[in-house]
Structure formats: C-alpha cells, structure tokens
Protein chains: 4
Amino acid sequence: MPKDTAILDAALDLFETLSYGSTPVPLVAERAGVGAGTIYRYFPGKEGVVNALYQRWKQALAAAVVDGLDRSQPAALIFEGIWRRLCGFATANPAAFAFLETHHHGPYLDAGSRGIATDLDRSMAGLLAEWQRAGSVRAGDPQLLVAQVYGGLVGVTRAYRDRGTELPPDLADQTIEGAWNLLASPSNRRRS
Amino acid sequence: MPKDTAILDAALDLFETLSYGSTPVPLVAERAGVGAGTIYRYFPGKEGVVNALYQRWKQALAAAVVDGLDRSQPAALIFEGIWRRLCGFATANPAAFAFLETHHHGPYLDAGSRGIATDLDRSMAGLLAEWQRAGSVRAGDPQLLVAQVYGGLVGVTRAYRDRGTELPPDLADQTIEGAWNLLASPSNRRRS
Amino acid sequence: MPKDTAILDAALDLFETLSYGSTPVPLVAERAGVGAGTIYRYFPGKEGVVNALYQRWKQALAAAVVDGLDRSQPAALIFEGIWRRLCGFATANPAAFAFLETHHHGPYLDAGSRGIATDLDRSMAGLLAEWQRAGSVRAGDPQLLVAQVYGGLVGVTRAYRDRGTELPPDLADQTIEGAWNLLASPSNRRRS
Amino acid sequence: MPKDTAILDAALDLFETLSYGSTPVPLVAERAGVGAGTIYRYFPGKEGVVNALYQRWKQALAAAVVDGLDRSQPAALIFEGIWRRLCGFATANPAAFAFLETHHHGPYLDAGSRGIATDLDRSMAGLLAEWQRAGSVRAGDPQLLVAQVYGGLVGVTRAYRDRGTELPPDLADQTIEGAWNLLASPSNRRRS
DNA sequence: GATGAATGAGTTTTCATTCAT
DNA sequence: TATGAATGAAAACTCATTCAT
C-alpha cells in the first residue's frame, strides 16, 4: 500500500475513535507503519491530513452517488438508485461516512474541502428542483429538502454506531420508504 | 449571572466556533469574565465543563420536548407538538442544538452524558412503538425511525448554519410535512 | 530579578556561547530559573527573545554613548568622550557588546531591531559630517568612516575575546589614538 | 564544476542568507545540484561543510594577502600592497569575506579552522612588530593593532552590505588613508 | 472565594543523516 | 558512485492545571 494511503487510512480510524483534536501525529504514523517525519513528506501538516482525508472521501461519495445514473427513469426510481448508492457507500465505508459528518464543521477544514461538500449538495438540490417542476416532489427549498433527507440517513447510521452494530446490508430497504415519502408529492408516495 | 452559567455559556460559544480540542481553558475563562482558576472551583476540569454543558442542554432539550405534552390527542397531532417544540428549541438555542450534535461522539463525554442522550431517544422510540401498534406509524425499528426523522432536523439546521443564516421562525412549518410523512403509515399521511 | 530580565540575561549568555541557532529554549529557561513555558508568557517566541535582547542592548549602547555629551567642545575632545563611553560600555558589558556585533546580520532580527541599529549609525554619521564641514575630520562618506572606526573597536574586542582575556580598563587609552587618527584631518591628528 | 566545489559554493550562499543554523542540508544539496546523500560522500556532515568552507576561504584570503609581496619596500608601501590585496579579495568575494567574519565565533568551527584564523593574524602581527622596531608604526600591542585596522575593513564591508550595495572597486582608495593613519607613527602618516 | 502567573507534560514540526536502490 | 525517500531524535511551542496571593 502506498504510504500516503496508509497514512490516510490510519488517520481515518484514529480521528473517528479519538477525534481529530486528541490524535497525536506520531500515533497516526505508528498506526500507518511509517516514521513520524514521513507524514510531513506527504502532507503539509496535521491539518493537511484531515483535509486530504475529507476531500478524498467526499469525492468518493460524490462519485459513488452520481456515477452511471440513468436519468431517463421516473424520479422515484432515480431517487431509489441514488439512495441505494448512498446506503451502499455508507455500509461499505462506515468509518469514512461517519468521518464526513463528524468533521463537516471542523474549523481545520480549508476552502477546498468546504467547496467539494457544497458542490455535491448543490447538484442534488438541482435534481430535486427538476422533480419539483415535474410534480413528483413536493414544494419547498430544494437544498433544505436534500439536507433533511440526507440528514435522516446520517441519523440512522449514527444510531447503528451508537449501538455498536455494523450497518446492515439492507440499510437502503429499511430507510428508502421514509426517505422518499419525506420528499414525494402526495400522488407519488410509496405505499409499501 | 452566576459564574458557572457564565462559564458554560462562554464554553458553548467557543466550542462551537473553535471546536472543543482547540479551545484553551483560559480563553473560556476570559470570555466568561472570570479568572482561569475559577473554572476549577466550579468544574473538575475541561472535560467536566463539556460534560456539564452537554448534560445541561440535553436535559433542556428533553424537557422542552416532553413538558406539557397532551398524550390524549391523535398521533399526528402529538407528533406535530413534539416537532414544534423541537424546532422551537433549535431556533431559540441554535448554538446549543448544534453543540449537542457535534459533540455527540466526543471521546471526552462521560457515561452520564451518554446516558441522558440515550434516555431521550428511548422515550421517543417508545412513543413511536405505541403509534405503530395503533396503526398510525408505519412498520420498522422505532429507534431507527426516531434517528432518521431527528437526523433530518439536524440536517436542516446544519444547512442553515452552512449558509450563515439564522434558523427561521417557521422552521417547523417548513419541515413538519416531510418529517411526518417519513413516519406515517399510508392512510395517516399529510396532504399539504 | 524580574523574570523577563532573567530570561534575557540567560539568553545573552547562551546565545554568545552556543550561538542563537543551537540554543534550545528550555536551556534558556533553566538558566533563567523559570519554566520553559514561562518564556512564552513574556516573549512571542524564540525570535521574540533575540529581538528583545538586541533592542534592549542597542538602546543601552546608544544611551551610553550619547547621554550627557557636551557638544560645545572641540571635535577631538567630543570624539574622545564618545570613544571612552563606547569602550566603557564594551568593558562593562562585554557579552552584550559582542552579541550586538555577532547578531547584527541575523535573519531572525525584525524591522524594529534593524531600525534601532540604523538610527545610532546615522546620528554618529551626522556628527562626523559636521566635523568634516569644520575641517577637523578628513573627507569621505561619513557613514563609512563611522563604520571603519567602529569596526576597529569591534575588532579589538574580538581579539581579546579570542585570547580568552577580559577587556582591560584602559581599552580606550589603547585604542583612542588609532581611532582618532583614522578620522582626523592632517592638522588635527594626535601626536602621542 | 566538481561536486565538492558546487556544494561549498551553495553552502556559502545559503549560510550567509539564512545563517548556518537555519540552512537545511537538503537545501544545500538542491542548490548545488546534487542529491542530499552526496554531501555525505564529500564531507563528514554539516559541520564538515562549514569547516571546509571556512578553511578554504581563510586560506584563500591568506594566500591573496601574502602572495607575491615585495618585502624590501618601505612599510607604508608594503602595507598599501596588503591593504589593496585585502580590499581586492573582499570586493571579488564579498560573500566569502562576510562569511569569514560572521562565522568567526561559530561553536561548530573545529580546531583546524580556528588555527588557520590565528596563523594569519599572527603573521600580520609579526610584520607590524618589525615596523614598530623600525619606527614606522606607532607603539602598542601589534595583535591589537592588526585587530583594529582589520576590524575597520570588516566594518566598512558590513556597512555596504547593510545598504544593499556591492563593494566598490575603489574600496582600497576609500579606506587606505584611515587604515594607515590608524597604525602609522606621527612622521609616517599620509597627508591625503 | 477568586485570581492569574507560572508550570511542564505533551503537542506539532523540522531536519541531519542513513541506506536501499 | 550517486541518490533521495525515509527516519526519529530533538526542536519550538501550547495549554490544562495548580497554588501563592
């Protein structure tokens, strides 16, 4: 494994377990199997590590959600596709998904990291706005709807984490109905 | 203002702005208008401050949600009452509401703090379970439903925060329909 | 002794013995009889210490040279007065005098420190320019003459230092003739 | 250019700009156009580099001063020859000349380097002692006289450096009168 | 009780040096 | 022989906590 990847993986684990503030850099190094100084060859400093980590996973999340989406389908089906990808991503990378939420407001995140986060939100809001015009999604500020439905998924993953349980493979099945009904206009709601 | 309150208020502000890890205790003291040593007369240490802060606000939130709830009404109305109280609390105490979420997983929280958090979740889940038995809420693990709907509110408050906008007075109106439809069984859904 | 003075005195000793670059801050603290952290209460950092030290002694030197100078006397006598003050300062504070020279070009000196150094040079050059107009000092760029004659004193103090000998009380007597003849116009030279 | 010369040249530049203490070895290597490890093939370490540098230039200075000196001339003329050589050396190698002064007291200089420095001083002092016996130079400790007159030259080169100006080609003309008058016995002084 | 100057343990970071290639 | 990535020892600096006033 390349050293920068090893460092980011170690940092992800430790930042989630101990929090960013109380993870000493040498501990990240040890966990990554490299010398403490090596971290500074790959990243400009501790903040550089969090930001690289945040951007890496936020981009991975964005890619996972958007890649290969068939936009010709009805809204409910496209949404289901997105939701399944989101849940799949969270299940496959629970620590990374949690990390993205926990550190969303970290004062150590730089403009680049914040920018990536905003981009994803905006493109989702754009999709919702289309569906609102088509009548399949109810009225309301699309960015807030995205925030509410996405926040719901975050809440569920947190609940599993609080319980000490892994995210289940059928996470999407458990949550899709609530998620879609939160958004859908009356005639487009799910019945089962 | 009593000194312990002044200290907690200052800590709330600073922990939200700078994060717990990078807020020096002397800065909290300065902001609170007391000497650095004084903090140690009222709290056992920095961790004591976060925990007191967390418990204070989590209890305030629980009280705000539950107090004076009329349980004889139909589920949809009770839920609306709870939701309005929740939104009212978040609007009135946005920093505290954000703090509770941001620090939910802090490794510095002690058993007492975690316990309070769990209690509130559980009592909400109990209510939902009742409503499931009565047919007004759809099937599913009640704790996860609570987590999903509550996570939605957290998501919306974050979105406002990201925008740099205050939470609006009609926050509940904006979000209640989505929130209830996320939970409700088909025949109990809101139409507008 | 006030702590900041103790710190500066310890720093002076150590910077002269070990050089600025190889003096660890904790060693300065130990020598000053304070904790390592205390240095950062009084100075913004290691560079803050050198700069404070430089400014303190450069100002002391300027004061020692200029204070109570009787400008109504003939040039040769005024110069002798200045020279005796300079030599007296160097003899009384040999480490400080050496420090000022050794660190004159240190890249860690800030604008404030450089400014003080320049001020003293300029006021001496102004005096020389007067004497040139009066015919008692030979022609030439006054700033360079100041640099040459002052450099001579620095050279002599270095020579004593290299020998491991203290500066002698009659340093001025040993050097005044050469110093003045370096500057004087032919008819004003010293004969003994 | 041979690699060891490239390394020494790079080191000279950097040590003068950044000081010895804050010049990283890898930066010297980069500037010299070699790999960091290569420096350790030519020198035993960073201290080895400064010492080689010091000795190289101190020897070059000694050679420049002494080579081809016609000792049969009168003292004033021999001195003028030496002074012109000194000034020529400083003008041709200003960084090296400054380096020799700046690092004169560096605690990283070894016995070899200090020895070379002392040798040059002593041979100059010997010359002065001869001239004292012949009556052309005034009385006084010859080593101190050497130190004073040489210090004057150092002071002047510093002054140019402080101004950000290159040393002028007529440096010797500007300074020879002062230098010789500092040393000369009354009847041997220069008149213009 | 209240203070805040002082501390030193624990951070982040740098960089001379090594050694596998 | 030359390299430069990797290292870890040592540096600068921060800050939770104490305690004399």
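Not measured: the values here are computed from a predicted model.
When the P atom of E:dC15 is taken as reference, atom CD1 of D:Ile39 falls 14 Å away, rounded to whole Å. Look at CG on B:Leu27: it is 15 Å from P on F:dT17, rounded to the nearest Å. Atom CD in A:Glu30 sits about 16 Å away from atom P in E:dG10, given to the nearest Å. Here the C1' atom of nucleotide F:dT17 and the CD atom of B:Glu47 are 13 Å apart, to the nearest Å. When rounded to the nearest whole Å, the span between OH of A:Tyr108 and P of E:dT12 equals 13 Å. Atom CD1 in B:Ile7 sits roughly 12 Å away from atom P in E:dG1 (whole-Å rounding). Distance B:Phe43 CZ to E:dG1 C1': 16 Å, rounded to the nearest Å.
B:Glu101 has a carboxylate O that lies under 4.0 Å from a charged side-chain N of A:Arg158, or vice versa, which qualifies the two as a salt bridge. At a threshold of 4.0 Å, the pair C:Asp9-C:Arg56 counts as salt-bridged, since one of the basic side-chain nitrogens sits closer than that to a carboxylate oxygen.
Note that NE2 of D:His103 is 6.0 Å distant from CD of D:Glu16, once rounded to the nearest 0.5 Å. For the atom pair OG1 (B:Thr157) and CZ (B:Phe97), the distance works out to 5.0 Å, reported to the nearest 0.5 Å.
For a distance-only test at 3.5 Å, the side chain of B:Arg41 qualifies as a donor-acceptor partner of the base of E:dA2.
In this entry F:dT21 has E:dA2 as its Watson-Crick or G-U wobble partner, both defining distances falling under 3.5 Å. Under the Watson-Crick or G-U wobble criterion, with both distances below 3.5 Å, F:dA16 is paired with E:dT7.
Proximity of a side-chain donor or acceptor of D:Lys3 to a complementary backbone N or O of D:Ala32 within less than 3.5 Å is not detected.
In this structure, a donor-acceptor pair under 3.5 Å is absent between the side chains of B:Thr118 and B:Asp121.
In terms of phosphate contacts, A:Tyr42 brings no side-chain nitrogen or oxygen within less than 4.0 Å of OP1 or OP2 of F:dA5.
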Give me, pair by pair, the N or O atoms of the protein and of nucleotides 9-12 of chain F that are less than 3.5 Å apart, along with how far apart they are.
| unit_1 | atom_1 | unit_2 | atom_2 | d |
| --- | --- | --- | --- | --- |
| F:dA12 | OP1 | C:Lys46 | NZ | 2.8 |
| F:dA12 | OP2 | C:Val25 | N | 2.9 |

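Counting only heavy atoms from C-beta on, D:Val34 has its side chain closest to F:dT3 among F:dT3, F:dA5, E:dG1.
Aromatic ring orientation, A:Phe15 versus A:Phe99: parallel (interplanar angle below 30°, classes split at 30° and 60°).
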